[in-house]
Amino acid sequence: MTPMAALAAAELAHKPLPGRVFLLNRPLFKFGALAMGIGELLGDKMKTAPDRTVFLGLLARVMSAGIAGAALAPRGKEKLGAGLAVGTAVPLAYLTLSGRKKAMARIGQTKSGLIEDALIVGAGALVVGLAVSRFNRR
C-alpha cells in the first residue's frame, strides 16, 4: 500500500501526477489510501502478519504497483509505466522477503520492520517526488 499512500500524499499536497489518476483525486480514496498505508506499516510488525508472497499479498502488490506506475508515467505511456512497476514489484516481493527474514533472525521482527519501512517509505517518497517535480517543470 506504500505506492498508493505516496500518490495520495502527493495529491493532498496538490502536486499533479504525470499520468492519469482516476480515483485518487477523490477525498475518500486519498484518505483511504493513506489509512491503508499506515495500517500496513503497523500490521507488518505483528507476528501473525502473512508473508508478502501469499496470493492476496501479491495481488495487492500488483494492483498498487500498476496504479502507481500508471500515475507516475508520462501521459500516453501509462500502460508501459504500469507494466514496468508490476514487473519490478513482484520479484522485489520475494527478494525483500528473503532479506527481511534474515534481518528478523538477527535483530527481531519489530526492528527489522521499522528499518524496512523507513527504506520503503523513503524510496516511495523519492520516486513520487522525482516524478512529480519532473512533470511540474514542464
Side-chain angles (χ1 to χ4, degrees):
M1 296 295 109
T2 304
M4 300 303 294
L7 294 176
E11 283 284 316
L12 286 168
H14 304 290
K15 303 290 184 185
L17 299 169
R20 294 186 187 121
V21 182
F22 296 104
L23 294 175
L24 278 177
N25 56 0
R26 306 246 190 286
L28 176 67
F29 289 98
K30 284 183 218 180
F31 292 109
L34 284 175
M36 289 174 65
I38 292 167
E40 181 185 17
L41 293 176
L42 297 174
D44 190 36
K45 311 308 169 292
M46 297 171 46
K47 299 221 183 280
T48 57
D51 285 348
R52 63 197 74 188
T53 56
V54 300
F55 175 74
L56 289 177
L58 282 176
L59 180 62
R61 186 172 292 259
V62 164
M63 291 178 2
S64 67
I67 292 168
L72 296 176
R75 297 254 175 184
K77 297 193 183 229
E78 291 90 352
K79 288 181 183 177
L80 176 62
L84 288 171
V86 170
T88 302
V90 173
L92 277 177
Y94 290 93
L95 182 65
T96 57
L97 177 61
S98 173
R100 176 74 185 276
K101 285 181 176 182
K102 290 175 186 172
M104 282 173 51
R106 288 188 180 153
I107 61 173
Q109 183 169 4
T110 302
K111 285 183 184 176
S112 65
L114 291 171
I115 292 168
E116 181 182 45
D117 289 346
L119 292 170
I120 296 303
V121 169
L126 179 65
V127 168
V128 171
L130 288 172
V132 166
S133 68
R134 198 171 131 198
F135 173 69
N136 291 315
R137 275 190 262 149
R138 292 181 179 178

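No hydrogens, no waters, no symmetry mates; every other heavy atom, side chains included, goes into these values. Computed from a predicted model, the values in this text were never measured in an experiment. Numbers here are sequence positions counted from 1.
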Working to the nearest 0.5 angstrom, can you tell me the gap between [X] [atom1] and [Y] [atom2]?
X    : Y    : atom1 : atom2 : answer
E78  : I67  : CD    : CD1   : 13.0 Å
T2   : I38  : OG1   : CD1   : 10.5 Å
L34  : L7   : CG    : CG    : 10.0 Å
D51  : L58  : CG    : CG    : 10.0 Å
K15  : S133 : NZ    : OG    : 9.0 Å
I107 : I115 : CD1   : CD1   : 3.5 Å

On a heavy-atom basis, which atom in [X] and which in [Y] lie closest, and how many Å separate them?
X    : Y    : value
A73  : G81  : CB-CA, 3.9 Å
S112 : A103 : CB-CB, 3.7 Å
S64  : M4   : CB-CG, 3.6 Å
V128 : A10  : CG1-CB, 3.8 Å
A85  : A65  : CB-O, 3.1 Å
A5   : A33  : CB-O, 3.7 Å

Linking I/L/V/M/F/W/Y whenever their side-chain heavy atoms sit closer than 4.5 Å, directly or via other members, would [X] and [Y] fall into one cluster?
X    : Y    : value
V127 : L17  : yes
L42  : V121 : no
M63  : F55  : yes
V62  : Y94  : yes

**Study point:** Derivation of the side-chain contact (heavy atoms from CB on, under 4.5 Å) call for V90 and R61
**Key:** CA-CA 7 Å; V90 173; R61 186 172 292 259; 5.5 Å; no
- Other residues, nucleotides, ligands: >12 heavy atoms within 6.0 Å of M104 CE: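 Enclosed.
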*Pairwise salt bridge (charged side-chain N to carboxylate O under 4.0 Å, His left out) hits with a residue in residues 21-30, at least two apart*: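 Matches after skipping sequence neighbours: none remain.
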Review point. Do any pairs count as a salt bridge (charged side-chain N to carboxylate O under 4.0 Å, His left out) and have a residue in residues 112-121, sequence neighbours left out, and if so which ones?
Key: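 Passing the test, one end in residues 112-121: K45-D117, R52-E116, R100-E116.
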